[in-house]
Structure formats: structure tokens, C-alpha cells
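Worksheet: one structure, shown below.
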Amino acid sequence: MKEATESLNFIEHIVEEDLTAGFPKEKLCFRFPPEPNGYLHIGHAASICLNFGLGEKYGAPVNLRFDDTNPAKEEQEYVDAIKRDIAWLGFKWANECYSSDYFQQLHDWAVQLIHQGKAYVDQQSSEQIAEQKGTPTSPGTNSPYRDRPVAENLDLFERMKKGEFAPGTYLLRAKIDMASPNMHMRDPILYRIIHAHHHRTGDSWCIYPMYDWAHGESDYLEQVSHSFCTLEFKAHRELYDWYLDQIIDPKKLRPKQREFARRNLSFTVMSKRKLLELVQKNVVSGWDDPRMPTISGLRRRGYTPTSIRKFSDVAGISKRDNVTDVSLLEFCLREDLNQSATRVMAVLNPIKVVLQNYPEGQTEILHLENNPEKADTGTHEVPFSRELYIEREDFKEEADSNFFRLTIGQEVRLKSAYIIKAESVIKDAAGNLLEIHCSYDPNSRSGSGTDASQRKVKSTIHWVSVAHAISAEVREYDRLFLDESPDTHESKSYMDFINPNSLKVIKTAFLEPHLGQANPNESYQFQRLGYFTLDPDSKAGQLVFNKTVGLKDNWAKQNAAPTNKQASPAKPVAPAPQEVKSALNEIQYIGKKLTNLSGDKLEDALNDIRKQAEGVSYEELEPLFATASKKVGTRIAVLVALSALLAKGTPKTQAASEFIASCKSDESNTLREEAVKIA
RNA sequence: UGACUGAUGGUGUAACUGGCAACACGUCUGAUUUUGGUUCAGAAGAGUCUAGGUUCGAGCCCUAGUCGGUCAACCA
């Protein structure tokens, strides 16, 4: 039974309001409008999931529109990458559009503006224009060319278009208001001259529309109903609307721009410009470096589309500045991977174990569960022999009782194999550990069903057989920046916070042989270590694995941080004198949680309410009859309490009767049932 | 000294036209576990930026503040 009262985000509220105000549902249309000047990142994913999510929710088309109005920055490579990323996330766009498809229409409308005296050709330098623009606190001044005659504007604009002028010499500007408190309204630029090859229109244009002129009109041409963008465009809305006013046909749909806050992630930066700098300065290996917050980086790292979509869903959408903790993203990732990743064994930091009582030269084939979360995924074979590698961290010669792993004299189980006990160690002259000599219990093989195999030991550790292991490179990643919000410091640049140790390469890790056939698109759980996936750098016989994310590790946590036990002394622990709740409050409190209960628990809660009702008077209860119908729990609680009062002989007032009647026709089954019981 | 915008536990979001702060992550217990994983049960943690006001009742309304963000590219 799914609750119908799923809460909406503010964007969905906007759409819902429009719908209730009479906007036809079949005219809903959304769009995702990236500029093809870089790669998409996790912040874009929020916008993608928002727009395409809306499309799925309302069965409305969502266009993918490339905002390609500046050929100096844009490339086909980015167009391709963006399409790949969106498709990888699992979304389908209704139409693939380009702002450049509308260049002719945009031009014609601009000519129309000139005719109407609403646009003029300026020929000042950018410095002069900037100076005349004023500041946010002081008005601007008019350009000397502002009142150029229409015919002259027409001629000049035509010659701009024909390529008669050099870049920077002429501009087309809208004639609005140089004194507007909104800087964007101070005669914004419509067209500038750029002599550059456009990735789609080639050299057929040398004048290009500015963002504001192109964006709203493109929305209009595509009949996009809701144009959602990030908050920094809020101030552009007035201009967006002004431009629309100039050209709109009232019989057609008028797009509506609304803004939401961009999503920030802790310990990274989220702007194409800054990410580009990391690439250009070789801080990372490229846009798809697994440490990058780009979609392509996350993909290479081993993130799944499901996890990213879940994250966008869970993180939500709002209008305030935010820094979402990466731990939320990682939670979504682990949740998905735990269900899907094949379990394997790999040793990253090996120490050799020799089983003294295991026959030399013998090999056994054991079976390892592919995924304990899914019983039907079967097992795969893993060879076992006398000499094994285990993780160095899994052995200590002696340790306190908190250490569950292998120590001299202490038994552990080798995962899916035997129980072993450490007997002695071999060291070199310098005292470095070389080998651990152990004994194994031949009767303890996993799954053999013997008493010895059922024995409980303090822990189970992973291993690989020395003779059968394959070696591979493993890359482990840490956060790219040492500061939670590296680009929010006034006196420091985000480049000052780069983590010098964000990449750790393990040249030779030992993997169980099953991984020799690892699938590049699959995630593996290296048991007890984390999730890993094959990097594209892999070659036959030279595998490279990326660590996607570690497992939650309580042992490491309690090990690492005995010092910062409780970061802040916080408040005195003395429990505030708990006020005795009134019976009425108690009923309301139980009521609020009622909708989450069922079966016996629900019955118990209802009985609680009946008991509490003894301490409540009818007069206290009556005002609650007006409880909002959405608060079903409270209404049930009130009804049950009322029923208890009536049973006790309280006279039934008209208000009570009306309340009971309204409950009988409520959507909630429980509420209806209780109401019927009274009558 | 401007305009616009925002403020809810450590974090991210909820709370329909005012009805007595919810969900998730994170943290901490305990149980289960052949992964110190998973799962399960539970706990702690905000009284909603401040100060007034309206109201039986305010996170939602009003007034005045405080703090944060955005806006002056021939970028988007």
C-alpha cells in the first residue's frame, strides 16, 4: 500500500498549481539545455533528473537542447559526451534541439525589433559600454547611438550579418532602460560579431545571439511550458519575459522560467570552469578522471546510473544554498552495489600464510557465493592451496580483545574455506614479518556440515591462493579537496585545497583467478574491502581496477578516532525535566504516527488512545474535529478518543455527529472502520 | 547607501488554505551475520535566524532587524 500523499518539491508544486489553474496537462513540455562547452557533472544530474523526472511523472516530452550560441567555446565533442551521459543515466529526450536551429528566426525577430524602434546598433568599445552600464547601485547612461534612425540600424545590422565588420566593432542592442535597477535590462546585447566556425552552422553566420535573446525564444519555439534553471538566472527572468513580450503570439503557449538552487557536493567543486582548470593544470588526468564529479568521471569510477538518480531523488530540490555531504551520494551507491556486485576476494596488501599441515602441492576447488543478497546468483570456483596471501592488516602477533582477526594462538575462518590458527612467524634480520605459519583444521571446511565447520570463530578473513592468484593494478581514490567547500573562501582559491594524496596506486594486488574474466561494465565487491570496477586502462593480462567506494568500516572508525570521541562538549547531559504530557497531547502524538503502523502495533496504539481518552474531556477534544483531512492519523486518534468518551456516556453533540459522518466518507480505511463502529 | 533572493537537527529535504516539527543520510546502542558488510530493533539530536505582533493556536500571516547568496562578460 503506497501512500498517495507523497510530498512534492516546490517545482512540482508550481506545475501542480498551473494544472489546477487550468493549464492543459497535454501541453506540458520541459527541456534540459546544456551549453556544449564541457562535460556534465553531478550538479547537472540534478537538473537532468528534475526535468526528465517531471517528464516521466506527467508523461510530457522533454527536449534536449544544446545552447550553442557561442562558437568560440563549443565543440561537437561535448555534444557527443553530453548525449552519452544523459543516455547512460537512462533518460530519453523527445527531441534533440539546437539553439542554432533557430538562428534565422531569431535574426528575423531582431529585424522586427529594429523596425519597432526597440533595438539599435551600437558601435562603441566594450569599455565604453561597460562604463555606461552603471553599477548595481547607480543607474547607467544612454549610448550616443541609442536613437540612431531605424533605416540606419537596419543597414548596419545587415552589414554586420554580411561580415563587413570586424568582431567587437558593432553590436545590436535592445532598447529597454539604462536606469533599470536590474542590470540585465540596461540595453542588453542581442547580437555580437564572432568570426568563428560553428560546429553545426559552419560559416554561414558571423553574428551570434546572446544567451538571453536565444534562450527564452527557443523555449517559445519549442513550446516548452516550464523552463527551469538555476538561481543565478533569477535576475534574467525580467529580460526573459520582456523578450517574450515582443514576439509572442497570444494564441501560443507562453513558457515560464523558474529557478532552483544548484546542487553542491562537499569536498569538490561544481563548475565547468573550475573543473576545466583541474584538467588543464593536470591535477587530474582528464574530464573522466575517477576523482572528478563529472558524470563521465563517476561512471569510470564505478558509479551506477541508479545510484546517481537515487541521489538526486533523495537530495531533493529547493531554493537555498546547500552543500550536500558526499556520504549521502556514497550511501546511494553502496545501496545499489550491495544488491548487484559479485563478491570476490582480493588482497591489496599481502602477507604470506603457510599452512604447515596442508599437503604440499595439493589444490582444492572451493565455492564462493556470488551474492549473499540474492540467493539465486549461485557460486563460483576459487582454488585453495597450502600457501596463501592474506591482508597484512588482518594479522597482529598479539593484540587486545578488540582485535578479532588472526593473532598467534587465535583462530579465524578463511572465507568459504577452513578455520586456521596462527602458530609462529618468520621474520627477516631487520624484524620485518615475512610469513605466518598456521595450522588448519581439515574438518572445518565451509559447508561440509561437520561439527568443526559449524564452530564459531571471532572473524572471517579473505584470502587468495599464492599459486593461483592473478596480479593487477588497483587505484584507490580519496577526495580531491581537503576542504569541505573549497571554493567558498574569500582569501583562498580552491586550488589551495587540493588533496595531494587523492590517488593511491597499488601496482600489484593479488586477485582470485575468477577476476581474470572480469566484465568491464560490472562492479565487484572485493570482500571486506569495497566495490571495484575495471578501468578502461586495462589490457589483456594487465588489469587495472578502480576502487569505487569502500564498505562501511566500523572497525577502522573506532580504530582511527578514539581521540575525537565527542567533537563538541555540547550541552549538559542532564535531562530536561520532562513535562508530563497532557492526555490530549499524548493522543495527538500517538495519532501522528498511526499511519505508519499496522496489525498488532496499530491495535496497541489504538488501545493506548482509548486509555488516554479517560483523561480527556469532550470540551478538550471538540476543537480537534477540525483537524486537516490530510492528517489522517490525528483524525483517527481523535475519533477513537471520541468513541471512548461516548461509550462512557458523554452525550453526542451535533459537532460530534458531523465529525463521525465526515470520517465515514474518508479515504482512509482505518478511519472509516472506526467511524462505522461508533454508529 | 541598491535590487532580487534565501534562512527548519551535523547534512539534505518535508510540513496542502495557520492545528502543536516529519523523512533520509550521518552518529550512538543492541541483535543477527562465514564480509567489523548487509539486515533488524532502538536511541540521541532542532522547537524552525532575532525581536515584537495578530490568533484559542504561528515554521507558515504582519512589522522591524540579523546573517548568507545573486546581479555591473561582445559567457551560458
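We name chains A, B, ... by the order of the sequence lines, and we start the count at 1 in each one. As the structure is a computational prediction, the values presented were derived from the model and not from experiment.
A ring-centre distance under 6.0 Å is not found for A:Tyr78 and A:Phe66. In this structure, the ring of A:Phe10 has its center no less than 6.0 angstrom from the ring center of A:His13. In summary, the aromatic rings of A:Trp555 and A:Phe404 are positioned with their centroids too far apart to meet the 6.0 Å limit. Taking the six-membered ring for Trp, A:Tyr211 and A:His215 have ring centres closer than 6.0 Å. You'll find the ring centres of A:Phe157 and A:Tyr191 inside the 6.0 Å limit.
Across all strands, A:Tyr191 comes closer than 4.0 Å to no nucleic acid atom at all (heavy-atom distances). The residue A:Ala235 sits apart from the nucleic acid: no heavy atom pair falls under 4.0 Å. When heavy atoms are screened at a 4.0 angstrom cut-off, A:Gly447 is found touching base atoms of the nucleic acid. A:Arg186 comes within 4.0 angstrom of no nucleic acid atom, judged by non-hydrogen atoms across all strands. Note on A:Asn371: nothing from the nucleic acid sits closer than 4.0 angstrom, heavy atoms only. Residue-level contact check: A:Pro372 touches the bases, meaning some heavy atom is under 4.0 Å from a base atom. Using a 4.0 Å heavy-atom cutoff across all strands shown, A:Ser266 reaches no nucleic acid atom at all. Heavy atoms of A:Phe331 sit under 4.0 angstrom from primed sugar atoms or phosphate atoms, though from no base atom.
A:Arg31 places no side-chain N or O within 3.5 Å of a backbone atom of A:Cys97 that could act as its donor or acceptor partner. Side-chain atoms of A:Arg413 come within 3.5 Å of backbone N or O of A:Ser444 as a donor-acceptor pair. When atom types are taken as modelled, the side chain of A:Arg334 and the backbone of A:Val549 share no donor-acceptor pair closer than 3.5 angstrom. Between the side chain of A:Asp122 and the backbone N or O of A:Leu172 there is no donor-acceptor pair closer than 3.5 Å. Judged by distance alone, the side chain of A:Asn322 and the main-chain N or O of A:Arg262 form a donor-acceptor pair under 3.5 Å.
Rounded to an integer number of Å, the gap from CZ of A:Arg262 to P of B:rG68 is 21 Å. A straight line from CD1 of A:Ile11 to C1' of B:rU13 spans 14 Å, rounded to a whole angstrom. Across the protein-nucleic acid pair, A:Lys415 atom NZ and B:rG37 atom P stand 13 Å apart, rounded to whole Å. Across the protein-nucleic acid pair, A:Leu529 atom CG and B:rG36 atom P stand 10 Å apart, rounded to whole Å. Counting to the nearest Å, the P atom of B:rA73 and the NZ atom of A:Lys272 are 20 Å from each other.
Not a single donor-acceptor contact under 3.5 angstrom links the side-chain atoms of A:Glu259 to the base of B:rU5.
Considering only the side chain of A:Glu373, B:rG37 comes nearest among B:rG37, B:rA72, B:rA14. Of the listed nucleotides (B:rA76, B:rU35, B:rG36), B:rA76 has the atom at the smallest distance from the side chain of A:Met210. Nearest to the side chain of A:Tyr211, among B:rC74, B:rA76, B:rU34, sits B:rA76.
Only the P atoms considered, B:rU70 is 46 Å distant from B:rG30, to the nearest whole Å. The gap from the C1' atom of B:rC60 to that of B:rA21 amounts to 12 Å, rounded to the nearest Å. The same atom, C1', is picked in B:rU63 and in B:rC75; the two are 42 Å apart, to the nearest Å.
Residue-to-nucleotide proximity on RNA chain B shows that, of A:Gln527 and A:Ile194, the 5′-proximal contact is made by A:Gln527. Nearest-nucleotide mapping onto RNA chain B: of A:Arg405 and A:Gln124, the residue sitting toward the 5' end is A:Arg405.
Contact check, A:Arg273 against B:rA73: no side-chain N or O comes under 4.0 Å of OP1 or OP2. Between A:Arg528 and B:rG36, a side-chain N or O to OP1/OP2 separation shorter than 4.0 Å is present. Applying the 4.0 Å criterion to OP1 and OP2 of B:rA76, one finds that A:Arg192 has a side-chain N or O inside that range. The phosphate of B:rC23 has neither OP1 nor OP2 within less than 4.0 Å of any side-chain N or O from A:Ser7. Contact between the side-chain N/O atoms of A:Lys456 and the OP1/OP2 oxygens of B:rU34 is found at a separation under 4.0 Å. Considering only side-chain N and O atoms, A:Ser318 lies under 4.0 angstrom from the phosphate OP1 or OP2 of B:rU13. For the OP1/OP2 pair of B:rA76 and a distance below 4.0 Å, the side-chain nitrogens and oxygens of A:Asn37 include no atom meeting the criterion. The phosphate of B:rC71 has neither OP1 nor OP2 within less than 4.0 Å of any side-chain N or O from A:Lys234. The side chain of A:His13 places an N or O atom within less than 4.0 Å of a non-bridging phosphate oxygen (OP1 or OP2) of B:rA15. Phosphate proximity of B:rC71 to A:Lys133: absent, as no side-chain N or O sits under 4.0 Å from OP1 or OP2.
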(message) side-chain hydrogen bond (donor to acceptor under 3.5 Å, both in side chains) for A:Arg263 and A:Thr324? Distances and angles first, verdict last.
(response) CA-CA 7 Å; A:Arg263 171 109 357 240; A:Thr324 306; 2.6 Å; yes
(request) Map every base of RNA chain B to its dot-bracket character, where paired means a Watson-Crick or G-U wobble contact with both distances under 3.5 Å and | marks a partner outside the strand. (result) .((((((..((((.....[..)))).(((((.......))))).....(((((..]....))))))))))).....
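Syn is the glycosidic conformation of B:rG47, whose angle stays within 90° of 0.
Environment of CG in A:Asp451: sparse, with no more than 12 heavy atoms of neighbouring residues, nucleotides or ligands closer than 6.0 Å.
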Pull out every protein N or O sitting under 3.5 Å from an N or O of nucleotides 6-11 of chain B, one pair per line with the distance.
residue: B:rU8; atom: OP2; partner: A:Arg320; partner atom: NH1; Å: 2.4
residue: B:rU8; atom: O4; partner: A:Arg320; partner atom: NH2; Å: 2.5
residue: B:rU11; atom: O3'; partner: A:Val323; partner atom: O; Å: 3.2
residue: B:rU11; atom: O2'; partner: A:Val323; partner atom: O; Å: 3.4
residue: B:rU11; atom: O2'; partner: A:Asp325; partner atom: N; Å: 3.4

N/O-N/O pairs, protein side and nucleotides 1-3 of chain B side, under 3.5 Å:
residue: B:rG2; atom: N3; partner: A:Pro136; partner atom: O; Å: 3.2

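Taking the ring axis of A:Tyr120 as reference, the NZ or CZ atom of A:Arg173 does not stay both within 45° of it and closer than 6.0 Å to the ring centre.
Taking a cutoff of 4.0 Å between a charged side-chain nitrogen and a carboxylate oxygen, A:Lys310 and A:Glu335 qualify as a salt bridge. The residues A:Asp187 and A:Lys133 are annotated as not salt-bridged, no charged nitrogen and carboxylate oxygen being separated by less than 4.0 angstrom.
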